[in-house]
Trainee: 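Quick one: structure below, then a few questions.
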There are 2 protein chains.
Amino acid sequence: MVSGKEMAERQTVTVLDVAREAGVSVSTVSRIINGTVKVSEDKRLAVEEAIRRLEFKPNLFARSLKKGTTMTIGVLTQDIESPFFTRVMSGIEDGLLGSGYALIIVSGHWDAAEEAERIRLLIARRVDGLAILTGHLSDTQIAEFARSQPIVVTGRRIDAPNVRSVFFSHEEGGYLATRHLITLGHRKIAFIAGPPDHADAVSRFEGYRRALAEVGLASDPSLVVQGDFYENGGVFAMNRLLDSGAQFSAIFAANDQTALGARMVLSRRGVRVPDDVSLVGFDDLPTSAYLTPPLTTVRQPLFEVGQFSASLLLEMLGNPRKTLTLPPLELVVRETTRRI
Amino acid sequence: MVSGKEMAERQTVTVLDVAREAGVSVSTVSRIINGTVKVSEDKRLAVEEAIRRLEFKPNLFARSLKKGTTMTIGVLTQDIESPFFTRVMSGIEDGLLGSGYALIIVSGHWDAAEEAERIRLLIARRVDGLAILTGHLSDTQIAEFARSQPIVVTGRRIDAPNVRSVFFSHEEGGYLATRHLITLGHRKIAFIAGPPDHADAVSRFEGYRRALAEVGLASDPSLVVQGDFYENGGVFAMNRLLDSGAQFSAIFAANDQTALGARMVLSRRGVRVPDDVSLVGFDDLPTSAYLTPPLTTVRQPLFEVGQFSASLLLEMLGNPRKTLTLPPLELVVRETTRRI
DNA sequence: AACGAGTTTGAAAACGTTGTCAGACTTGGC
DNA sequence: GCCAAGTCTGACAACGTTTTCAAACTCGTT
């Protein structure tokens, strides 16, 4: 249903109107607004009163034009609906709170060309800083973009001027998850992979293999099946794995969303978790603690990554904030894994 | 972990540089960029070449200043992490695709004062249009804000100049969900409510009562328990309900997140869904289809609400797009409900 | 009473665009 | 060839700020 009426009006009060109203010059008004120079008490009062009465709101665009700064941070996310990315964005939002910077958010949908286009859009809008949440851009492209403004990039390591990166060793995380299963006595451990062109996904797989190798196990190709980091990929992967007839007592899913999809298939096909099969995810999304049963997973401190990125950006922009420390990856043992 | 190096550089190519490079005047350059007037072929080529060579990017701020339009839409969401809101935002993003408008997103966190402050921030940034996703602002406040620019508001009905609203009858949705349970033979149906100051939450409750009344049942206060629209509220509510010893064979949760929390408690306390108790949610969030078992719920076409809002906004801004129709609320029967 | 050294103030020049206006070219008809 | 009617084109004034710069005030000293 829809409702509404029409109308148009757009008064525009400028600093000149305020000046006239208060009987001073525009320069004085500007000085009072920005507090750059001392002005006499009576004029200050008059101007403040005039501002209030006229409901004057400085035009940020004119200001940006003059000062060359826009008080805007651009964020390139991949998917505005992904709980993974929104958790990070929430941290960025929090980290920027009170700094006066606003957020422009664009999505790249995991497509390098689209990402590049969106970033150009942000640069055209003269954002003061840029946060890039993973994605498929090449290091050189990012370094190139960093010539226009400082960049913080999460989930990957880039060494370039004017770029900071925030990342974890996903290899280590994959190792942690797999070793947990091994410690519980599992030996036949399946892996549902993420996108093969996603560096983190690959690293998690490497960690999985290292943990297996450490106890003298080779990774069995028939136990590795492809997912896509989304629920639906987990569904397909799990079905394929079960249909293949391969034997396994545990599954390591490359991320929580994949685990969720896999979990649904298991339940539907009568495989109990954790009684018949143990399941580990990766990320610790906010909802993962509410699954049935609550999911064992490797926690990425996503919110903190966001906060941290924001503070790095602020620092690069010359607005130092209290420095934060980033917590490490850690295994969160809940109820989807069990000793064999 | 962090990495990065330092550097600073910010060349700024203006239309003047381009004009000089191409041997024409700035007006000509502007005309070519905006295609407002025909210019001779040779100059056009020269200018285009110069633009390419200098990597000229017009300063949108200067342009905004001159034209009085910013090509920016502000979105006030409540919680950037809520799958409910991000689904709508995703629709808005989609609906705005290719229109040249960018999105500035701010969160109000369900607090009227914070919402008002964030909206003022957006207005200060001279957004051309505003989308307000539910929230606690009063109708008068919204009408007041609409004096600066057109507004679309979702999830509530407001009749005011320059405001369009997109909403559903949540009473009807609550009725649908409850009647479904009644049809399956349930009579003792518990309700986990949403925030009492949230209009939709209240309407859903009213629908619940209407459906009960229709078959001659009064709503039993001991079966109504308070939630907060989040998973955690569902957890508390479910625990309280079970502890109270009240008898029921079905639960209608005021939204999917609440249902998720309730589901977890049921599972943990050995109550099987749907064998012992049926469960219905509201919203049909993207993950609800992947729960174990998949959740029966009332589908709100959130993505479409976003698209629709975007097209209304575009229309109010004088950029008519193809008109869309909004699908209605509908019951999605999955596997958490069962005949008694 | 006159002199500086400070302090406040206002006029005016940016910032990078767009759009008006009028001038300088084209045409083509005679 | 000449003139009117079209085309293109360039100068320049906005848009609403901030920020020089220098003028106009203060005072406290002599």
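Here is the naming used below: chain letters follow the sequence lines, and residue numbers restart at 1 for every chain.
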Trainee: Given 3.5 Å as the limit, does a donor-acceptor pair link the side chain of B:Gln78 with the main chain of B:Trp110, or not?
Mentor: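 Confirmed, B:Gln78 side chain pairs with B:Trp110 backbone.
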Trainee: Just the rounded figure in Å: distance from P of C:dT17 to CG of B:Leu16.
Mentor: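 Rounded to the whole Å, the gap is 9 Å.
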Trainee: Which is more 5' along DNA chain C, the nucleotide nearest B:Ile33 or the one nearest A:Ala62? Just name the residue.
Mentor: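 Result: A:Ala62.
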Trainee: Please report the distance, rounded to the nearest Å, between CZ in B:Arg44 and P in D:dT7.
Mentor: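 Rounded to the whole Å, the gap is 17 Å.
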Trainee: Is any side-chain nitrogen or oxygen of A:Thr14 closer than 4.0 Å to OP1 or OP2 of D:dG16?
Mentor: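 A:Thr14 to D:dG16 OP1/OP2: no side-chain N or O under 4.0 Å.
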Trainee: Relative to the 5' end of DNA chain D, which residue comes earlier, B:Lys43 or A:Lys67, by the nucleotide with the nearest heavy atom?
Mentor: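 Of the two residues, B:Lys43 wins.
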Trainee: Whole angstrom is fine here: how far is it from CZ in A:Arg31 over to C1' in C:dT7?
Mentor: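 Going from CZ in A:Arg31 over to C1' in C:dT7 covers 11 Å.
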Trainee: Figure out the CZ/P separation between A:Arg126 and C:dC15, and round it to whole Å.
Mentor: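 Result: 14 Å.
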Trainee: Using 30° and 60° as the class boundaries, would you call the ring planes of B:His136 and B:His198 parallel, tilted or perpendicular?
Mentor: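 Perpendicular, since the angle between the ring planes exceeds 60°.
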Trainee: Does A:Ser27 reach a base, just sugar-phosphate, or nothing at all? Heavy atoms under 4.0 Å.
Mentor: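 Here A:Ser27 touches the bases of the nucleic acid.
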Trainee: Looking at B:Glu117 and B:Arg120, does any basic side-chain N land under 4.0 Å from a carboxylate oxygen?
Mentor: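 B:Arg120 and B:Glu117: not salt-bridged.
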Trainee: Just the rounded figure in Å: distance from P of C:dT17 to NZ of A:Lys66.
Mentor: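 Between P of C:dT17 and NZ of A:Lys66: 15 Å.
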Trainee: It should be established whether B:Asn34 places a side-chain nitrogen or oxygen under 4.0 Å from OP1 or OP2 of nucleotide C:dT18.
Mentor: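 So the side chain of B:Asn34 is within the cut-off, an N or O lying under 4.0 Å from OP1 or OP2 of C:dT18.
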Trainee: Under 4.0 Å: is that the gap between some side-chain N or O of B:Thr28 and OP1 or OP2 of D:dG10?
Mentor: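 Yes, because at least one side-chain N or O of B:Thr28 sits under 4.0 Å from OP1 or OP2 of D:dG10.
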Trainee: Which nucleotide in the list C:dT9, D:dC8, D:dG16 gets nearest to the side chain of A:Val39?
Mentor: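 So the nucleotide nearest the side chain must be C:dT9.
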Trainee: In this structure, how many angstroms lie between the P atom of C:dA14 and the CG atom of B:Leu65, rounded?
Mentor: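 Checked: the CG to P distance equals 17 Å.
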Trainee: In whole angstrom, what separates A:Asn59's CG from C:dT17's C1'?
Mentor: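 About 13 Å, once rounded to whole Å.
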Trainee: Counting N and O atoms only, with roles assigned by atom type, does the side chain of B:Glu304 sit under 3.5 Å from a partner on the main chain of B:Leu326, one being a donor and the other an acceptor?
Mentor: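 Side chain of B:Glu304 to backbone of B:Leu326, a donor-acceptor pair under 3.5 Å: no, none is there.
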Trainee: Let me know the distance between CG of A:Leu60 and C1' of D:dT18, rounded to the nearest Å.
Mentor: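 Going from CG in A:Leu60 over to C1' in D:dT18 covers 13 Å.
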Trainee: So, B:Thr28 and B:Ser25: side-chain donor and acceptor under 3.5 Å apart, yes or no?
Mentor: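 Side-chain D/A pair, B:Thr28 to B:Ser25: present.
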